[in-house]
Trainee: 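Got a structure for you, written out below as structure tokens; questions coming shortly.
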Amino acid sequence: MSFKKRLCAGFLILVVCGTTGCGPILSTHRQSNAKDALAKADSVNAEVLAPYEYTLAQEYLRKSNELWGYSEFGLSAGYAKFAIEMAEMAAEKAVNDPWTSPLKNESN
């Protein structure tokens, strides 16, 4: 086999190996970041003060984990990104514009 053919074969193997590993790595990294963002939201009591955004972040992360289990790494990474965005939004809302339940203010 000539040098040129070996070089092309080596490059092809490098490209194939490099591209197949990106999906699981990106998805796992984003899931880790989503868990960190949810922990940050927990620290400012976002579950109570921003329930919609917090719950949506949890569900996006749950769906990301489910898709990761089916080796749908691209979709998993997308849902993990949504989870990060919603968790950050929940934390910000909990600090700046907290939700108060209208049921607490009712007197019976």
Side-chain angles (χ1 to χ4, degrees):
M1 187 185 284
S2 72
F3 175 74
K4 195 173 187 179
K5 286 184 180 181
R6 279 190 266 157
L7 183 62
C8 287
F11 181 72
L12 181 63
I13 290 170
L14 182 64
V15 168
V16 169
C17 290
T19 57
T20 57
C22 291
I25 293 169
L26 177 64
S27 179
T28 303
H29 178 68
R30 283 192 181 164
Q31 285 180 357
S32 176
N33 288 346
K35 289 175 188 173
D36 291 343
L38 274 167
K40 191 176 197 180
D42 275 335
S43 71
V44 292
N45 201 21
E47 187 173 8
V48 174
L49 300 175
Y52 175 78
E53 292 83 358
Y54 183 84
T55 303
L56 195 53
Q58 284 183 316
E59 290 303 311
Y60 278 143
L61 181 57
R62 184 195 61 75
K63 185 64 176 179
S64 175
N65 286 327
E66 177 184 336
L67 290 168
W68 191 93
Y70 290 114
S71 298
E72 294 287 345
F73 300 116
L75 292 172
S76 174
Y79 276 101
K81 183 180 177 190
F82 292 147
I84 293 167
E85 292 170 1
M86 293 310 298
E88 289 172 349
M89 194 180 300
E92 182 179 334
K93 186 172 182 179
V95 171
N96 297 327
D97 186 25
W99 178 76
T100 54
S101 173
L103 300 177
K104 284 185 177 180
N105 298 330
E106 289 183 6
S107 57
N108 291 329

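All values below come from the heavy atoms of this structure, side chains included, with hydrogens, waters and symmetry mates left out.
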Trainee: Give the minimum heavy-atom separation between Ala87 and Ala57, together with the two atoms involved.
Mentor: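 Smallest heavy-atom distance, with atoms named: N-CB, 3.5 Å.
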
Trainee: What is the minimum heavy-atom distance between Pro51 and Thr55, and which atoms define it?
Mentor: O-OG1, 2.8 Å

Trainee: Should Val48 and Trp99 count as side-chain neighbours, where that means a heavy-atom distance under 4.5 Å?
Mentor: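 No. Closest side-chain heavy atoms not under 4.5 Å.
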
Trainee: Rounded to the nearest 0.5 Å, what's the gap from CD on Gln31 to CD1 on Ile84? Could you check?
Mentor: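 One finds 9.5 Å between CD of Gln31 and CD1 of Ile84.
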
Trainee: May I ask whether Leu75 and Leu26 are part of the same hydrophobic cluster, defined by side-chain heavy atoms of I, L, V, M, F, W, Y residues being less than 4.5 angstrom apart, directly or through others?
Mentor: no

Trainee: With distance as the sole criterion, is a donor-acceptor pair present between the side chains of Tyr79 and Asn65 under 3.5 Å?
Mentor: no

Trainee: Return the orientation label for the Trp68 and Phe73 ring planes: parallel under 30°, perpendicular over 60°, tilted otherwise.
Mentor: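 Aromatic pair Trp68/Phe73 classed perpendicular.
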
Trainee: Please find the pair of heavy atoms, one from Gly78 and one from Arg30, that lie closest to each other, and give the distance.
Mentor: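 In this case the closest contact between Gly78 and Arg30 is N-NH1, 4.2 Å.
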
Trainee: For residues Ala91 and Ala46, report the shortest heavy-atom separation together with the two atoms involved.
Mentor: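 Smallest heavy-atom distance, with atoms named: N-CB, 4.4 Å.
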
Trainee: Give, for atom CG of Asn96 and atom CG of Leu49, the distance between the pair rounded to the nearest 0.5 Å.
Mentor: 11.5 Å

Trainee: Take atom CD of Glu85 as the centre, draw a 6.0 Å sphere, and report whether it contains more than 12 heavy atoms from other residues, nucleotides or ligands.
Mentor: yes

Trainee: Following the transitive rule for hydrophobic clusters with a side-chain heavy-atom cut-off under 4.5 Å over Ile, Leu, Val, Met, Phe, Trp and Tyr, establish whether Met89 and Tyr52 coincide in one cluster.
Mentor: yes

Trainee: Can Glu59 and Lys63 be counted as an ion pair, charged N to O under 4.0 angstrom?
Mentor: no

Trainee: Distance-only, no hydrogens or angles: does the Ser43 side chain make a donor-acceptor pair with backbone N or O of Lys40 under 3.5 Å?
Mentor: yes

Trainee: Identify whether Leu67 and Phe82 are in the same connected component of the hydrophobic contact network (ILVMFWY, side-chain heavy atoms under 4.5 Å).
Mentor: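 In one cluster: yes.
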
Trainee: What pair of heavy atoms forms the shortest contact from Leu61 to Ala34, and how long is it?
Mentor: CD1-CB, 3.9 Å

Trainee: Where do Ala90 and Ala50 come nearest, in terms of heavy atoms and distance?
Mentor: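 So the two residues come closest at O-CB, 3.5 Å.
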
Trainee: What's the spacing between Ser64 OG and Lys81 NZ if we round to 0.5 Å?
Mentor: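 Going from OG on Ser64 over to NZ on Lys81, the span is 13.0 Å.
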
Trainee: Is it true that Leu38 and Met86 fall in one hydrophobic cluster, defined by side-chain heavy atoms closer than 4.5 Å?
Mentor: no

